[in-house]
Amino acid sequence: MRRYNPSEIEPKWQQIWEEQKVNEVAVDKDKIKTYAAGMFPYPSGAGMHAGHAFGYTIVDVIARFYRQHGHNVLNPMGWDTFGLPAENYAIKTGTSPQVATATNIANFKKQFKRMGMSIDWSREINTSDPEYYRWTQWIFTKLFERGLAYQKESLQWWCPVDKTVLANEQVEAGHCWRCGTLVEKKAMKQWFFKITEYADSLLEEIPSLDWPQKIKTAQTNWIGRSVGAEIEFAVDGSDDFITVFSTRPDTLFGASFVVLAPEHTLATKLAAGDFKDAAEAYIKEAVKKSEIERTNDTKEKTGVFTGSYAVNPATGEKVPVWVADYVLGGYGTGAVMAVPAHDERDFAFAEKFNLPIIDVIAADPEFGTESVTAEADAAKIYSGEGILINSGQFDGTSTSDAREQIVAWLEQRSLGRAKTTYRMRDWLISRQRYWGAPIPVVHCEVHGAVAVPESQLPVVLPEIEDFAPKGDGKSALARAEDWVNTTCPECGGPALRETDTMDGYACSSWYLLRYTDPKNAEKAWDPETVNYWNPLDFYVGGDHAVAHLLYVRFWTHVFKDMGLVDFKEPVKKLVYHGYINAEDGTKMSKSKGNVVDPLDVIEQGYGADALRTYVLFMGPLELDSSWDSRGIGGIYRFLNRVWTLVQEYSAAEKSFTGNDDAVRTLQHKTIRKVTADYRDLGFNTAIAALMEYVNELYKYKVDGFSDETWGDALRTLVQMLAPIAPHMSDELWVQLGGEVLVQQATWPTWDEALTVENTITVAVQVNGKIRGEIEITKDMEAEAVKELALSHENVLKFVTGEPKKVIYVPGRLVSIVV
RNA sequence: GCGGAUGUGGUGGAAUUGGUAGACACGCUAGUCUUAGGAACUAGUGCCUCCGGGCGUGAAGGUUCAAGUCCUUUCAUCCGCACCA
């Protein structure tokens, strides 16, 4: 009898799949399409780890499952190659990023193939390939045309180690997402994408997405829409106005002081009189402090009185103007009206500096317009809804009505207007680094910033010797003089190329479209092709909640507006999987030496099928788990049992056995269960059901094998195992008489009538406690079942006299109440 | 602080509409057999027990014939965002 030997059969089938090009697909409108992709990897020098194996196995199983349903399945792969790690690695080792990247890709590709991934390799893309980034640049120019890419001077996050600016999304708790260094603020002229213009559009579509709630909430919070008003406070004795933003214009009558962010343009100007020196010193100090220092210490508020006053537009009262670092320069207008009675932060500030606290909202309508302040505990801040008090003509109005009425009242007097602000900022895309797609812009003395025309794309990244940043705020490209000096596409006059490169996230914001038309040399994509395959049916990943997943949505929304695609949302279903940690439960890392390399596991003899099955069996997709080297042994045992069962069947004398009915019922029940589990992406339970199936078949086989029923049962087993363990399945499929590859055979179906067993075990409860079991036939009447239950020996012990109530849940249990 | 989850055996985890809690697997225990292997197979494995049964899904209440599942309160852990006005 042949032994299960994955290291022999796996390479064999991988070669056959490749030779037959079974995974290469084209547009076919007669078939249902399914487009499944994993978030493409950043091919690091370390190669793949168990987490990669997990994510891409999920994609592959989905792809194979739908292929077995006759769908036209696109499962592509590409490489996210631009970015800091590759460049830093290159600087460290002295090799060029181009060379290092090519080596790493070759390594990753080998691993993918050895894991049996059913990828259409004819569609492989690489973001650092000029044929790819040419179109990334083209998209930039289109955004530029529409005013969605612009340049502005502003304070930005700067990583002093990586010597580049970072997007907001790339700063994690004040530290650089790549190297962990404390970031600084630096004023620089930078390129931005105007994602804020799409804030509402992006927000609106979130509920329609079949994405994990976690991600949807994270995006909603990230966009952070706040509806409120801008309100003008005139500066007393000056023509200046302080514009504040508030979500609670209904509390305006309680605004007892105004607070400016230290960065506010009026902050220094308003420093006056005896307070001038102290205020200026505070402002200077606060601006210098890193953001992290400022936000870290949230308990103790600091601030300083400017010496100036502003006029509350509702009351006409003079209120002091303060400067404090709890007000953020970058949000709203950088100035707030402080209503200490109804805002915690303002309250803390007012208490510390002894500023007036005016109650303007009564929580309980029963208080009417009478102030509760006088006797109310001073420490009580009420930030909820209620009825206005101490608010002139608005007394008695509900807070929600007052919000509208007060804004309208201000608007009449040009002292305010409704305003919606967002927490999200525009996407900063300039990077002062070499290894990225050059921003396709030329700076002309006459015409300013001019987009490079399509005919001159790509702007190829020149190969240079020294690509390390020097910290002068410019990328190494600035030193490539031949490249920098060029002519203006508008006038032909002398001009300089933009030397910043684009954030790598730009490249990954449209690759899901390019996959569908990867070789198009005429345009970024053919609309018909893109609209056939897209949007993506399944997008599998375990990283990124906002950054990439927000950017890719943003670009697609823009493409829709530009008429380049027919859909707004790029990803229908987002499959978010957990991490695989090392055996000790900590994160796998190269430095700790606890990384599990999938290739090692395969080469130890377990094979790719066992690896794939194991990572899926560990638990539900979304949960984190820890690698357990013993667990894969159990999986290997299971695959061996499958193998052995088929060998025994093949070798056996076939005869009628008497267990055919039972085997058939088992088969149909299993098809129903496993099919549903696959569809719901419950791979762990699908595998468990297949194990149970095999265990049951082992029990039945002692009676011998019949030809037809057992052949069917085993072919079904092999087919249902095929998405997960494709190599073994193809091998056994042939052995069981299959004529084509398993993935080309139709998925088994079940007959509901055949899933019902002839005799069913029903539990009997007395007063909610299980007291016995009865065997009934499948057609037994409810009354007969109840009677049978009541005559059960053990049940009789607990039932004295006439039962109050007898409930029969068909096929499940009988509940007797006494 | 806000938001999102998650709490089930020694471990990873299963449980349609509320309907026999612990599927499946790891581990463990005992046994069988042998070409001593990364074995394989068989049986057992939630806790307690006076062997009748009792108790069990973070905790406490509630609804129900019946609750891991629904409701109320509460505790713990993890993750995301964090002075966003």
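First the proteins, then the strands, lettered A, B, ... as listed; each starts at 1.
Taking atom C1' in both B/U16 and B/A67, one finds a spacing of 16 Å when rounded to whole Å. B/A36 and B/G52: their P atoms are spaced 48 Å apart (whole Å). Rounded to the nearest Å, the gap between the P atom of B/G61 and that of B/G56 is 11 Å. Comparing the C1' positions of B/C50 and B/U69 gives an interatomic distance of 36 Å, to the nearest angstrom. Between B/C70 and B/G19, the two C1' atoms lie 14 Å apart (nearest whole Å). Spacing of P atoms, B/U77 relative to B/U8, comes out at 14 Å, to the nearest Å. Going from the C1' atom of B/G10 to that of B/C28 covers 8 Å, rounded to whole Å. Taking atom C1' on both nucleotides, B/U17 is separated from B/C2 by 35 Å, rounded to a whole Å.
RNA chain B is contacted by both A/E696 and A/D343; A/E696 maps to the nucleotide lying nearer its 5′ end (nearest heavy atom per residue). Ranked by how close their nearest RNA chain B nucleotide is to the 5' end, A/A689 and A/D677 are led by A/D677.
Residue contacts for A/I687: at a heavy-atom cut-off of 4.0 Å it reaches no nucleic acid atom on any strand shown. Heavy atoms of A/Q604 sit under 4.0 angstrom from at least one base atom. A/D346 comes within 4.0 angstrom of nothing in the nucleic acid, heavy atoms only. Nucleic acid contact class of A/K673 (heavy atoms, under 4.0 Å, all strands): none. Contact annotation for A/Q765: base contact, defined as any heavy-atom pair under 4.0 Å involving a base atom. Across all strands, A/G634 comes closer than 4.0 Å only to sugar-phosphate atoms, never to a base (heavy-atom distances). Contact annotation for A/V817: backbone-only contact, meaning every heavy-atom pair under 4.0 Å involves sugar-phosphate atoms and none involves a base. Counting any heavy atom pair closer than 4.0 Å across all strands shown, A/S626 reaches no nucleic acid atom. Among the heavy atoms of the strands lying under 4.0 Å from A/D624 are primed sugar atoms or P, OP1, OP2 only; no base atom is included. Counting any heavy atom pair closer than 4.0 Å across all strands shown, A/R641 reaches sugar-phosphate atoms only and no base atom.
For A/M691, the listed nucleotide lying nearest its side chain is B/C24; candidates were B/G19, B/C24, B/C83. Nearest nucleotide to the side chain of A/P620, out of B/C65, B/G80, B/G13: B/G13. Taking the side chain of A/I807 as heavy atoms from C-beta on, and the options B/G19, B/C41, B/A15, the nearest nucleotide is B/G19. Of all nucleotides listed (B/G80, B/A85, B/A23), B/A85 comes nearest to the side chain of A/S226. The side chain of A/R630 sits closest to B/C26 out of B/C26, B/A5, B/G19. Of the candidates B/G80, B/A85, B/G12, B/G12 carries the atom nearest the A/F617 side chain, counting heavy atoms from C-beta on. Side-chain proximity of A/L813 to the nucleotides B/U20, B/G80, B/C24 is greatest for B/U20. Checked against B/G4, B/G19, B/C81, the side chain of A/T217 finds its nearest nucleotide in B/G4. For A/E773, whose side chain is taken as the heavy atoms from C-beta onward, the closest listed nucleotide among B/A85, B/U20, B/G13 is B/U20. Taking every side-chain heavy atom of A/Q213 into account, B/G4 is the closest of B/C26, B/G4, B/C83.
Between A/R812 and B/U20, a side-chain N or O to OP1/OP2 separation shorter than 4.0 Å is present. OP1 or OP2 of B/G54 sits under 4.0 Å from a side-chain N or O of A/R771. Within the structure, every side-chain polar atom (N or O) of A/K214 is placed at least 4.0 Å from both OP1 and OP2 of B/A5. Checking the phosphate oxygens (OP1, OP2) of B/A85, a side-chain nitrogen or oxygen of A/Y331 falls inside 4.0 Å. Distances shorter than 4.0 Å separate some side-chain N or O of A/N684 from OP1 or OP2 on B/A14. Under 4.0 angstrom from either OP1 or OP2 of B/C81 there lies no side-chain N or O belonging to A/R423. Contact between the side-chain N/O atoms of A/R637 and the OP1/OP2 oxygens of B/C41 is not found at any separation under 4.0 Å.
Partner assigned to B/C70 is B/G62, using Watson-Crick or G-U wobble distances below 3.5 angstrom. Across all strands shown, nothing is found opposite B/U34 as a Watson-Crick or G-U wobble partner with both distances under 3.5 Å. When both pairing distances are held under 3.5 Å, B/A5 makes a Watson-Crick or G-U pair with B/U77. Base pairing analysis places B/C24 opposite B/G12; the two distances defining the Watson-Crick or G-U wobble pair are each below 3.5 Å. In a base pair of the Watson-Crick type (N1 to N3 plus N6-O4 or O6-N4) or a G-U wobble (N1-O2 and O6-N3), with each distance short of 3.5 Å, B/U29 is matched with B/A43.
A/H792 places no side-chain N or O within 3.5 Å of a backbone atom of A/I774 that could act as its donor or acceptor partner. Within the 3.5 Å criterion, the main-chain N or O of A/L666 finds no donor-acceptor partner in the side chain of A/E696. With A/S256 contributing its side chain and A/P356 its backbone, the two residues share a donor-acceptor pair below 3.5 Å.
Taking the six-membered ring where the residue is Trp, A/Y614 and A/W627 present perpendicular rings, their angle passing 60° and hence far from 30°.
Here the rule is ring-ring contact (aromatic ring centres under 6.0 Å, His included) with A/W643, and of A/Y4, A/F638, A/Y636, A/Y649 only A/Y4 fits it.
Here B/A14 presents its P atom at 13 Å from CG of A/D680, a figure rounded to the nearest Å. Nucleotide B/A39 holds its P atom 19 Å from the CZ atom of A/F638, rounded to whole Å. At whole-Å resolution of the value, CG in A/L645 and P in B/A40 are 16 Å apart. If you measure from atom CD of A/E622 to atom C1' of B/G80, you get 17 Å, rounded to the nearest angstrom. Following rounding to the nearest Å, A/I816 (CD1) and B/A66 (P) show an atom-to-atom distance of 14 Å. At whole-Å resolution of the value, CD in A/Q170 and P in B/C81 are 13 Å apart. The distance from atom CZ of A/F349 to atom P of B/A85 is 18 Å, rounded to the nearest whole Å.
Between A/M691 and A/I635, the closest side-chain pair of non-hydrogen atoms falls below 4.5 Å. At a threshold of 4.5 Å between non-hydrogen side-chain atoms, the residues A/L721 and A/Y693 do not count as touching.
Remark: A/I231 CD1 to A/K419 NZ distance equals 13.5 Å, nearest 0.5 Å. Note that NZ of A/K786 and CD of A/E783 are 5.0 Å apart. Values are rounded to the nearest 0.5 Å.
Under the 6.0 Å cut-off for aromatic ring centres, A/W427 and A/Y505 do not qualify, their centroids lying 6.0 Å or more apart.
Counting atom types as modelled, A/K301 pairs a side-chain N or O with a base atom of B/C83 as donor and acceptor under 3.5 Å.
Taking syn as a glycosidic angle within 90° of 0, B/G9 qualifies as syn. The glycosidic torsion of B/G52 lies within 90° of 0, which places this base in the syn conformation.
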